[in-house]
Protein chains: 2
Amino acid sequence: MAKKNIEETIINAAAKIFLEKGMDGARMQEIAKAAGINQAGLHYYFRSKERLFNTVMKKRVRAFFRSFAETLPQADDFETFLKSFIENYLDHINKHVLFMRFVIWEVQRGAPIMSEAMKEAVDGGDLPLNMFLEKIKIAQEAGIVRVVDPTQFMITTVSACIFPFIARPVLENVFQFSVTGNEFLRMRKEEIYRVLWNGIKKQ
Amino acid sequence: MAKKNIEETIINAAAKIFLEKGMDGARMQEIAKAAGINQAGLHYYFRSKERLFNTVMKKRVRAFFRSFAETLPQADDFETFLKSFIENYLDHINKHVLFMRFVIWEVQRGAPIMSEAMKEAVDGGDLPLNMFLEKIKIAQEAGIVRVVDPTQFMITTVSACIFPFIARPVLENVFQFSVTGNEFLRMRKEEIYRVLWNGIKKQ
DNA sequence: GTCTATACATCGATAGAC
DNA sequence: GTCTATCGATGTATAGAC
């Protein structure tokens with residue numbers, strides 16, 4: 001296997017373990033096994049656990065931020081835009097639940113690389129938030145939606161989307177519900193769109 | 001100091017460290033120091049790290065669930081009820097950000113005690129969710145609010161409340177904002193109430 | 001019950017043969 | 001570049017004096 005391929009294999013295996021267990025809970029031995037090499041090989045390629053962690057995270061954060069663009073619909077009509085965004089974004093979240101929960105935890109836990117990687121991704125223009133915010137402003141000026149702070153509305157939107165998924169194991173205990181992943185996804189798409197569109201549209 | 005008092009002191013010190021660092025990242029030495037004793041004393045009182053962790057969590061989860069009742073307002077009028085609930089609940093969250101983020105992380109990480117403690121608290125009736133859900137149903141029957149699934153609406157409400165706080169370090173990077181805690185709290189109270197009330201009220 | 005000293009286990013990292 | 005063997009550091013846990 002070529003060197004680049006091995007490094008790629010290690011990074012993917014490491015990402016899986018790190019996302020599940022966190023930096024503190026992850027074991028180099030487990031990563032090595034998942035990558036199909038031994039622990040000495042792991043150190044040969046990445047020198048230390050910290051360097052491996054940093055490499056993995058820089059790559060993942062950037063890729064994750066970039067992929068946000070794919071959730072942004074083309075529609076000019078704000079209602080259609082919002083509905084499509086919620087559907088796309090929930091599908092997107094559904095694929096990255098582990099990563100999002102992990103980032104929230106590791107950032108507060110104090111891993112310096114996380115903030116650094118996010119800052120780089122934001123400064124590098126990997127996260128096109130402005131398009132969403134502009135859509136709101138345009139709809140406000142057109143009198144389609146109420147005048148609200150666009151950033152606050154967007155925070156509310158992503159909160160309603162992300163939280164039920166990253167906290168799902170907790171919610172299942174608290175609300176004592178039990179539905180399949182697909183059913184839950186479908187219900188959330190409907191609920192969030194209805195509440196948010198009614199919540200922001202002009203009567 | 002009486003035995004009960006020392007145990008209490010240790011539990012509080014341990015909770016602080018566990019919530020910040022997680023089970024894997026917490027160190028017995030650090031907990032001992034924070035409790036003002038040495039590591040041998042820690043083991044004398046709680047035998048092992050796992051037992052200490054379990055004791056702390058059972059206590060905290062139950063207390064946290066119980067305190068939810070304090071966020072439930074008395075108001076009969078649903079609009080007033082919702083507005084007050086959001087304000088109370090955000091104040092409540094603001095005091096327990098570390099704990100909530102920690103629970104979400106540890107539950108997925110696989111700490112068996114967490115699910116167990118939650119189940120006990122729920123089964124013990126420590127979490128009076130029904131009052132909130134009943135309020136929605138009554139308002140629906142009275143024609144005050146639209147017909148929605150009460151559980152889904154409640155999930156949306158708590159999501160909009162909790163997420164911005166547990167993910168705040170991330171949001172600050174992503175949205176590049178920087179306001180004081182109090183200012184952020186005030187803005188969220190206003191935003192969530194406006195969007196959710198408009199989102200559910202009958203036109 | 002509380003201390004010091006230390007045993008014991010685990011993990012990250014490296015040396016050195018191949 | 002990859003392996004086995006092992007070092008050294010760190011962290012949990014305990015023995016035993018007081």
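Throughout, a chain's letter reflects where its sequence line sits, starting with A, and its residues are numbered from 1. Not measured: the values here are computed from a predicted model.
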Taking OH from B:Y44 and P from D:dA15, how many angstroms apart are they, rounded to a whole number? 15 Å
May I ask you to say what B:A26 touches in the nucleic acid, namely base, sugar-phosphate or nothing, with a heavy-atom cut-off under 4.0 Å? sugar-phosphate
Whole angstroms only, please: what is the CG-P distance between B:L42 and C:dC3? 12 Å
Kindly indicate, with the supporting measurements, whether the criterion side-chain hydrogen bond (donor to acceptor under 3.5 Å, both in side chains) is fulfilled by A:T156 and B:E191. CA-CA 8 Å; A:T156 303; B:E191 161 74 13; 3.1 Å; yes
Aromatic ring proximity A:F64/A:H92, centre distance under 6.0 Å: yes
Could you label the plane-to-plane angle of the B:F177 and B:F175 rings as parallel, tilted or perpendicular, counting under 30° as parallel and over 60° as perpendicular? tilted
side-chain N/O A:H43 vs C:dA13 OP1/OP2, d < 4.0 Å: yes
For a 4.5 angstrom cut-off between non-hydrogen side-chain atoms, does A:M187 reach A:P164? no
Out of D:dT2, C:dT14, C:dC3, which has the shortest distance to the side chain of A:A40? C:dT14
For C:dT2, does either OP1 or OP2 sit under 4.0 Å from a side-chain N or O belonging to B:Y45? yes
For the pair made of CD1 in A:I37 and P in C:dA13, what is the distance, rounded to whole Å? 14 Å
C:dT14 P sits how many Å from A:R51 CZ, rounded? 10 Å
Is the distance from the ring center of A:F46 to that of A:F53 below 6.0 Å? no
Any side-chain N or O of B:N38 under 4.0 Å from OP1/OP2 of C:dC3? yes
From NZ of A:K33 across to P of C:dG12 the rounded distance in Å is 15 Å
Between B:K49 (NZ) and C:dT10 (C1'), how many Å, whole number? 12 Å
Counting just side-chain N and O atoms, does B:R27 come under 4.0 Å of either OP1 or OP2 of D:dT10? no
Distance check needed: C:dG12 P versus A:K21 NZ, whole Å only. 12 Å
How many Å lie between CD on B:Q29 and P on D:dA9, as a whole number? 18 Å
Picking from C:dG1, D:dT12, C:dC3, which would you name as closest to the side chain of B:Q39? D:dT12
